[in-house]
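Everything below concerns the one structure shown next.
The figures here come from the full heavy-atom set of this structure, side chains too, leaving out hydrogens, waters and symmetry mates. Naming: A, B, ... by sequence-line order, numbering from 1 per chain.
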2 protein chains.
Amino acid sequence: MSPEDERPDLAAMLAPLLRALIAVELPVLAEHDVSMWGYSVLTTLDDTPVRTQAALADAIGADKSRIIGTLDELQDAGLIERTPDPNDRRVRLLSITPKGRRVRRSVRKDIRVHENRILEALPPADRQAFLRSIRNLYDAR
Amino acid sequence: MSPEDERPDLAAMLAPLLRALIAVELPVLAEHDVSMWGYSVLTTLDDTPVRTQAALADAIGADKSRIIGTLDELQDAGLIERTPDPNDRRVRLLSITPKGRRVRRSVRKDIRVHENRILEALPPADRQAFLRSIRNLYDAR
DNA sequence: TATTGTTATACTCTATAACTATA
DNA sequence: TATAGTTATAGAGTATAACAATA
């Protein structure tokens with residue numbers, strides 16, 4: 001095996017990194033009284049409005065039955081709204097509230113601080129290439 | 001928020017990437033009849049021999065009680081050995097067998113093929129910087 | 001008959017705490 | 001009393017299937 005390949009597997013390196021990111025995010029989310037799934041929902045609704053719960057579930061890679069509790073919590077907290085669709089009474093139209101938008105952006109700002117602290121370990125040039133690369137891989141998904 | 005910061009959260013981008021990596025690795029592992037934890041154990045024992053099961057569990061970020069089933073399977077398959085330590089009869093000394101080493105390296109080779117296929121989406125310069133960066137973040141952990 | 005949202009059930013992981021045998 | 005390995009129990013998270021209302 002060539003020296004270049006003498007490195008841990010990609011997944012073996014990414015998993016601890018992701019765990020570390022989640023570990024610093026959880027307290028931030030707790031401060032704002034939202035769960036990880038809740039924040040994921042707020043982010044999706046803020047960036048790319050979706051009509052139905054099924055479409056939302058699909059967008060965040062979850063099962064439609066799995067997000068119901070999350071939606072209940074977000075609705076109770078006044079962060080999203082579920083209004084019956086008059087054109088198709090099976091559907092409940094989803095939307096983020098102004099309060100939900102404020103929470104989402106506030107959480108994101110706090111998370112960015114932690115992310116930047118972690119990324120500071122990288123030389124600036126590599127840092128840019130790293131961000132460009134995961135963005136690239138993420139978009140190509 | 002500045003344009004540079006208009007990107008998904010790091011964790012939001014890394015999570016799907018890790019999921020994709022795991023998705024391609026699982027069939028490879030299944031072909032070689034080892035679990036994800038089993039492969040993790042083989043990797044650790046091959047690279048950095050550890051004496052006790054507790055030390056191994058610590059090295060792979062698991063609880064000592066969680067790896068026992070994995071060790072049983074690996075031992076039954078002849079991939080590792082557990083020999084009682086004559087100096088401390090509470091301890092069972094761990095070692096990877098030649099067969100275990102062959103399996104580990106065979107799996108790694110197959111995984112690399114899939115990893116490289118995914119990384120081909122990146123321009124070569126970025127690809128190097130990306131690998132250097134996650135290695136950097138991983139080692140600084 | 002198919003689809004939306006919901007609820008219920010079962011299954012997998014994981015964390016924790018007990019237990020034994022040694023020290 | 002403390003530690004290594006093991007087993008047992010309980011909890012969280014998830015997937016799947018069934019269900020009622022509507023199309």
Q.
Let's go through B/D85 and B/R90 carefully: what are the C-alpha distance in whole Å and the side-chain angles of both, what is the deciding distance for salt bridge (charged side-chain N to carboxylate O under 4.0 Å, His left out) to 0.1 Å, and is it a yes or a no?
A. CA-CA 7 Å; B/D85 182 350; B/R90 293 174 304 182; over 6 Å; no
Q: Establish, with yes or no, whether the OP1 or OP2 oxygen of D/dA12 is under 4.0 angstrom from a side-chain nitrogen or oxygen of A/W37.
A: no
Q: Could you check how far CD1 of A/I67 sits from P of C/dG5, rounded to whole Å?
A: 8 Å
**Q.** Residue B/R90, side-chain atoms from C-beta onward, closest of C/dT22, C/dA17, C/dG5
**A.** C/dT22
Q. Taking CE from B/M36 and C1' from C/dT12, how many angstroms apart are they, rounded to a whole number?
A. 15 Å
Q) With distance as the sole criterion, do the side chain of A/S65 and the base of D/dT14 form a donor-acceptor contact below 3.5 Å? A) no
(Q) Rounded to whole Å, please give me the gap between CG in A/L56 and P in C/dT6. (A) 12 Å
Q. Do B/V24 and B/V34 share a hydrophobic cluster, counting only Ile, Leu, Val, Met, Phe, Trp and Tyr and linking them when any side-chain heavy atoms are less than 4.5 Å apart?
A. no
Q: Check for a donor-acceptor pair, side chain of B/K64 on one end and backbone N or O of B/A55 on the other, with a separation under 3.5 Å.
A: no
Q. Nearest 0.5 Å, what's the CZ-CG distance between B/R108 and B/L42?
A. 11.5 Å
Q.
Distance check needed: D/dT3 C1' versus B/D58 CG, whole Å only.
A. 15 Å
Q. Between D/dA15 atom P and A/K64 atom NZ, what is the distance in whole Å?
A. 14 Å
Q) Considering only heavy atoms and no angle criterion, is a donor-acceptor pair shorter than 3.5 Å present between the side chain of A/R66 and the base of D/dT14? A) no
Q) Can you tell me how far C1' of D/dA17 sits from CD1 of A/I68, to the nearest Å? A) 14 Å
Q | Shortest non-hydrogen contact from A/L122 toward A/R127 | A | O-NH1, 2.9 Å
**Q.** Atom-to-atom span, CG of B/L71 to P of D/dT7 - whole angstrom
**A.** 12 Å
Q. Distance check: side-chain N/O of A/R82 vs OP1/OP2 of C/dT6, anything under 4.0 Å?
A. yes
Q. Expressed in angstrom and rounded to an integer, what is the separation of B/D63 atom CG from D/dA4 atom C1'?
A. 13 Å
(Q) Does A/D88 reach a base, just sugar-phosphate, or nothing at all? Heavy atoms under 4.0 Å. (A) sugar-phosphate
Q: Would you tell me if any nitrogen or oxygen in the side chain of B/R89 comes within less than 4.0 Å of OP1 or OP2 on C/dT22?
A: yes
